[in-house]
Each structure stands twice: as C-alpha cells, then as structure tokens.
Amino acid sequence: MDEDFDIPAAAGEDAMMNDDFDLPEDDAPILKVGEEKEIGKEGLKKKLLKEGDGWETPENGDEVEVHYTGTLLDGTKFDSSRDRGTPFKFTLGQGQVIKGWDQGIKTMKKGENAVFTIPAGLAYGESGSPPTIPPNATLQFDVELLKWSSVKDICKDGGIFKKILVAGEKWENPKDLDEVLVNFEAQLEDGTVVAKHEGVEFTVGEGYFCPALAKAVKTMKKGEKVLLTVKPQYGFGEKGKPASGGEGAVPPNANLNVTLELVSWKTVSEVTTDKKVIKKILKEGEGYERPNDGAVVNVKLIGTLKDGTVFLKKGHGDGEDPFEFKTDEEQVIDGLDRAVMNMKKGEHALVTVAPEYGFGSSESKQELAVVPPNSEVQYEVELVSFVKDKESWDMNTQEKIEAAGKKKEEGNLLFKSGKYARASKRYEKAVKLIEYDSSFSEDEKRQAKALKVACNLNDAACKLKLKDYKEAEKLCTKVLELESTNVKALYRRAQAYIQLTDFDLAEFDIKKALEIDPDNRDVKVEYKVLKEKVKEYNKKDAKFCGNMFAKMSKLQTVETKEGGPKEAEPMTIDSKA
C-alpha cells in the first residue's frame, strides 16, 4: 500500500498513554530461532526468526527504528515499511502505537527479527481500523528492530530528556567535584542558536550556562554525545536570559534543545573528610592497588605556593632519580602523605593541601623557596612506583606477633614525643595484626594477649590525651574483658568516666582498683579528683536549681498581685546535695 500506515493507537488507547507497560522478567521469554512463545498473559505471541546482537533491549521512552510487514491471519498484507523503503520510528511505551507493539518490541535485541501475533485486545479491538483492518481482528507483524536511541528522563519530572546520539566509553560518570571538558550547542525550539562552545571546562557542582548541563553530565560517560530537551526550570526559567558575550538571548519560559558532548573529565576527590586535602587526577594510574601505611614510594614532585612560586622540585632533573620516602613516617607533610596513599602506580595528580595538613602556622624553609605561615600549597605528583609494607595476610603467626611488637614500640616512641594521634594509629595496627588468633599456638596466644592488653591500654592513654573519652572507655573495657583485675584499665576508665560525668561508674572502678591495689598512689589521687568534681558539680546543680526556684517564686508573686493564684511555699533544696 502506498499510504503511510503509522500504526495508530487503538480505540481507547489515548487514555492509557501514561500506563507503565514494563513487563515482568518472566514475560520476556528466551527463544530459539523458529520457536514461538506467549508474552505476558493477554495472548500476545512471539516467534523468533533471527537472533539479535548483545543482550540489551530498549526501554520505555526510547526512540526505536524498525522495519515491519503487517498481515491478517489469512495472509492479507495491509501495510509494510519495507515496501515504502523507509524504516518506521516511534517512542516506545508512550501509546504512539498499538499496545501489542509496545509490549513486544521491548523484548527484542538490536538486529533481531520476529513475528508477533497480536490479539484484537492488544490491537484495534472491536472497532478495527477501516477499511484495512476488520473488527476483532488478530494481526501478525513481521518486525526487525534496526536500532534505538535511549531517551531518559534525567530528573524524573519531565524537566530534562536525554537522547543518546553517540554511546560513551566504560561505565563511570563524573561527580560534583570533578572537572569536565565539554562541547555544546544550545538552540531555541525554532532552531535559533543561542550558545555554541568548544572545549569548555567547568566543575560539575558549580555548573555552567544553565542547570541542565550539570545535571546531564553526571549521567554521561566519557565520549558520550547527547541531545537534551530542556524545560524552563532547568534552563533560564521565567526571566530568560539577555544576549551577552557572544551568546544570544533566551526568552522567558523558553524550552531549549542542547547538543552536549562529554569529551573527558578530571576526577577530583577529597582525601580528608574535612575537605582540606583535595586530589585532582591529571592522568589515570594503572591497576587498582595503592600504597599502604609503611610502603616505600618513589615520586616526582613539584611543590608550589598559590601565587605559583616553586618551593620544591624532586625527580625532574636530567638523570635525577625520583624522590623516595616511606609513608606514615612523617618524612613529608601529612597532606601529601595521605594523598600519595590514595594514588595508583603511574597516576599523575594535583594535590591541594590546607595549612592544617601542610606546614601549619610556622614559616618553613624549603629547597627552592620559603613557605610562609598558614600557606595553602599545591603538589604536582607522579607516583612512579611503590613497594607495599607486608600485609597481615602475607605473614605467618610468629611474623604477626613480631610486627605487632614493633608497632607497639613505634607507638611508645611517638607517645613520648607527644604525637598522640600517630601513636594511637600504631597501637591500633598492632592489635589488628593479632586480632584473630585461632591459628596461634598456646604460647603465641599468650604473647598476643599481652600485646593486646598493652596496646589497648596505651591507646586509651592516647585517647585521654586527645579528649576522646568514649573511645578511651571502650578500649579499657576491652582490656578488662581479657583481664578483669587490670588496675591500669580500671584507673584509665575511671578517668574517662569522670570526664563524661558518669561519676557513679567512675567511683565503682576506683573502689575496685583500690581493692586490688590498696596502696596505688595514682588511683588514690584520682579518687580525690573525683570527689572534687562531684562537689563542684553539686554546687553548680544547686545554684541552677536555686536560680530556677527563685524565678518561679517571683513569677508566682506577680501572679498573686495580679489576682492569680496565691504564692506557693518555695521548695527546699537538699543541703546534702
């Protein structure tokens, strides 16, 4: 037939255009060539003529392109896109075609050819489509799925539709902190170009041009090219945008069509949770392994101030070897140390370090220049190679005990130097090495227990210095689970309880410690501290209560004068409190 038969929606179908035609997985049967099976429970059947490629199938909202031939059950042909020589395009799952097509074509793969037998209830129903399709007709369509373009409602509110024009690479998407490089062209609905830019770089979270660009790039892959249909709320809203800087004006409440290509991006990550050490990847590294604590690393370094002054350069001279240091040993500033442990071999990154993780509030004389107090610094770093410190799973039981003992001694030295946070990390690592001792011999278990007790006690002392009283209490409790009469654990837990104002628990631990060691001078001193704290607390409590009751008394007096209830007897305060 010469007329273009667009497979119109069946009678009553328009009212169902928003129905969700997603089918359960069981309704998309696996077929062999020549095999026919039912799809769903409404009588739709599919016979596979030719297998498709890959495993992906189109989804609701995708723009599909097919060739088809439609016939009645007696073989009468009523339409064919093949005869016209032009593929038929439509949006899947939007009621633009009969329901049997929406349900059947979403089970197909690219290049697949199948025959669908569609009952009248999923086609043109009781009315048919005169003059070619009679009432209550069951139809057959020989359909080949040529291709489809994925169309996604990015914000799930109809504000931005994304149609993929060119598929991207891999699977990663940019995040808010990342810096993306894009090409884009924005047009009004009449085709007027209002902006066109090549090689624009911006931070995703900060956005560019209009909100739709940032929303869209977060869903894109490297090399992906898309067409965005943008509603005003993600464009320039009710106010529009005046012409400026070579860009055209956007009228109020205007829809935009934006062609956007994500050329590449630089991954930016927060090395520390307080966002004071930031790492931007300039070149991706190899594999997945990163240096651990105690690893020996070789790097090329260029350190600069915010004004561009170079204060350090390592490994960049002719024949100069890379700079070597051991991580977690204070051989470089803390921020650089942490960033390098977050890198892969061969990775090239720009690391920005705030003063708290850099040179602090003091002036620091470096190789090529002086770093002023409170300076933010940047390092261009290339991780040439590294050798990881031996992990616990690579050690035998005796090696674990020896390594734990070494970590404990390192922690002791750091504690004596007043470096409590670093000492705490050493004690934690020591305990972790010997945490699981089921494969230890009896002698090794005794050694491990002694190390756990010593390290947890020392770690508790660190936590007290760092004013992390809850963690100190937990560490002491761990020790007491191993040795219920450990006086140091009772003493330090009491110190933590006092700071947490859990005075009853503190007194219980102190009394128990004195029962075990009546002459312990430190415990006796702490008991005096506890009593003073209790007195001080009770005075503050009594003063607070006195002030509160005084205010209540004044309020009641005012009420009496104003004809309210009579002044009540003030509550007495327990003098023993």
Practice item. Using the side chain to side chain contact (heavy atoms under 4.5 Å, CB included) rule, take Phe359 and Ile333 through it: C-alpha gap first, then chi angles, then the decisive distance, then the call. Key: CA-CA 7 Å; Phe359 297 98; Ile333 60 170; 3.6 Å; yes
Review point. What do the steps show when you test Phe503 against Tyr537 for ring pair (Phe, Tyr, Trp, His ring centres under 6.0 Å), and what is the final call?
Key: CA-CA 10 Å; Phe503 298 138; Tyr537 182 83; 5.6 Å; yes
Exercise for review: Might you work through the side chain to side chain contact (heavy atoms under 4.5 Å, CB included) test for Thr309 and Thr304, ending with a clear yes or no?
Suggested key: CA-CA 5 Å; Thr309 302; Thr304 58; over 6 Å; no
Review point. Could you walk me through whether Val297 and Phe325 pass the side chain to side chain contact (heavy atoms under 4.5 Å, CB included) check?
Key: CA-CA 6 Å; Val297 300; Phe325 69 93; 3.4 Å; yes
Review point. Can you list the steps and then say if Tyr234 with Asp157 is a side chain to side chain contact (heavy atoms under 4.5 Å, CB included)?
Key: CA-CA 11 Å; Tyr234 295 106; Asp157 59 2; 2.7 Å; yes
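Electrostatic pairing of Arg426 and Asp328 counts as a salt bridge here, judged by a charged N lying under 4.0 Å from a carboxylate O. Taking 4.0 Å as the cut-off between side-chain N and carboxylate O, Lys221 and Glu169 do not count as a salt-bridged pair. Looking at Glu380 and Lys300, no side-chain N of the basic residue comes within less than 4.0 Å of a carboxylate O on the acidic one, giving no salt bridge. A salt bridge links Asp443 with Arg446: the distance from a Lys NZ or Arg NE/NH1/NH2 to an Asp or Glu carboxylate oxygen falls below 4.0 Å. Classification of Glu320 and Lys314 as a salt-bridged pair fails, no side-chain N sitting under 4.0 Å from a carboxylate O. Classification of Asp509 and Arg493 as a salt-bridged pair holds, one side-chain N sitting under 4.0 Å from a carboxylate O. At a threshold of 4.0 Å, the pair Lys266-Glu201 counts as salt-bridged, since one of the basic side-chain nitrogens sits closer than that to a carboxylate oxygen. For the pair Lys218 and Asp178, the salt-bridge criterion is not met [side-chain N within less than 4.0 Å of a carboxylate O].
No hydrogens or angles considered: nothing links the side chains of His348 and Glu284 as a donor-acceptor pair under 3.5 Å. Tyr491 and Asp517 are not linked by any side-chain donor-acceptor pair at a separation below 3.5 angstrom, with hydrogens and angles left out of the test. Counted by atom type alone, Glu473 and Thr477 present one or more donor-acceptor pairs between their side chains at under 3.5 Å. Side-chain contact, Arg338 with Thr272: no donor N or O sits under 3.5 Å from an acceptor N or O. Using modelled atom types, one finds no donor on one side chain facing an acceptor on the other under 3.5 Å when comparing Ser375 with Lys306. Inspection of the Glu507 and Tyr527 side chains reveals an N or O donor paired with an N or O acceptor under 3.5 Å. Asp337 and Thr327 are not linked by any side-chain donor-acceptor pair at a separation below 3.5 angstrom, with hydrogens and angles left out of the test.
Side-chain contact check for Val204 versus Leu177: every heavy-atom pair is 4.5 Å or farther apart. Within the 4.5 Å cutoff, side-chain heavy atoms of Val370 are placed close to those of Glu363. A 4.5 Å side-chain heavy-atom check between Phe202 and Glu179 finds every atom pair outside the cut-off. For the pair Leu383/Val340, a side-chain contact is recorded, criterion being any heavy-atom separation below 4.5 Å from C-beta on. Using a 4.5 Å cut-off on side-chain heavy atoms (C-beta onward), His316 and Ile302 make contact.
Note that the NZ atom of Lys162 and the CG atom of Leu228 stand 8.0 Å from one another [nearest 0.5 Å]. Note that CZ of Arg521 is 13.5 Å distant from CD of Glu526, once rounded to the nearest 0.5 Å. For the atom pair CD1 (Ile278) and OG1 (Thr352), the distance works out to 7.5 Å, reported to the nearest 0.5 Å. Within the model, atoms CG of Leu530 and CD1 of Ile498 stand 4.5 Å from one another, a figure rounded to the nearest 0.5 Å.
Other residues, nucleotides and ligands place no more than 12 heavy atoms under 6.0 Å from the NZ atom of Lys533. Counting heavy atoms of neighbouring residues, nucleotides and ligands inside a 6.0 Å radius, atom NZ of Lys215 does not exceed 12 of them. For Lys478, the NZ atom is loosely surrounded, since the number of other residues' heavy atoms within 6.0 Å does not exceed 12. The local environment of CG in Asp307 is crowded, with over 12 non-hydrogen atoms from other residues, nucleotides or ligands closer than 6.0 Å. Surrounding NZ of Lys152 are more than 12 heavy atoms belonging to other residues, nucleotides or ligands, all under 6.0 Å away. Within a 6.0 Å sphere centred on NZ of Lys445, heavy atoms belonging to other residues, nucleotides or ligands number more than 12.
Evaluated for a salt bridge (charged side-chain N to carboxylate O under 4.0 Å, His left out) with Glu347, the options Lys279, Lys283, Arg290 yield exactly one hit, Lys279. Of the residues listed (Val523, Val529, Leu490), the one engaging Ile510 in a side-chain contact (heavy atoms from CB on, under 4.5 Å) is Val523, and it is the only one. For the salt bridge (charged side-chain N to carboxylate O under 4.0 Å, His left out) test with Glu428, the passing option among Lys463, Lys407, Lys452 is Lys463; the others fail.
Between Cys476 and Ala460 the shortest heavy-atom distance is SG-CB, 3.8 Å.
Formation of a donor-acceptor pair under 3.5 Å by the Asp502 side chain with backbone atoms of Leu505 is not found in this model. Checked by atom type and distance alone, the side chain of Asp437 never pairs as donor or acceptor with a backbone atom of Phe440 at under 3.5 Å.
Ring geometry for Phe415 versus Tyr420: interplanar angle over 60°, hence perpendicular rather than tilted (30 to 60°).
Residues Phe311 and Tyr379 place their aromatic rings such that the two centres sit under 6.0 Å apart.
Looking at residues two or more places apart in sequence or on another chain, you find no side-chain hydrogen bond (donor to acceptor under 3.5 Å, both in side chains) involving Thr485. The side-chain hydrogen bond (donor to acceptor under 3.5 Å, both in side chains) search around Lys408 returns none, not counting sequence neighbours.
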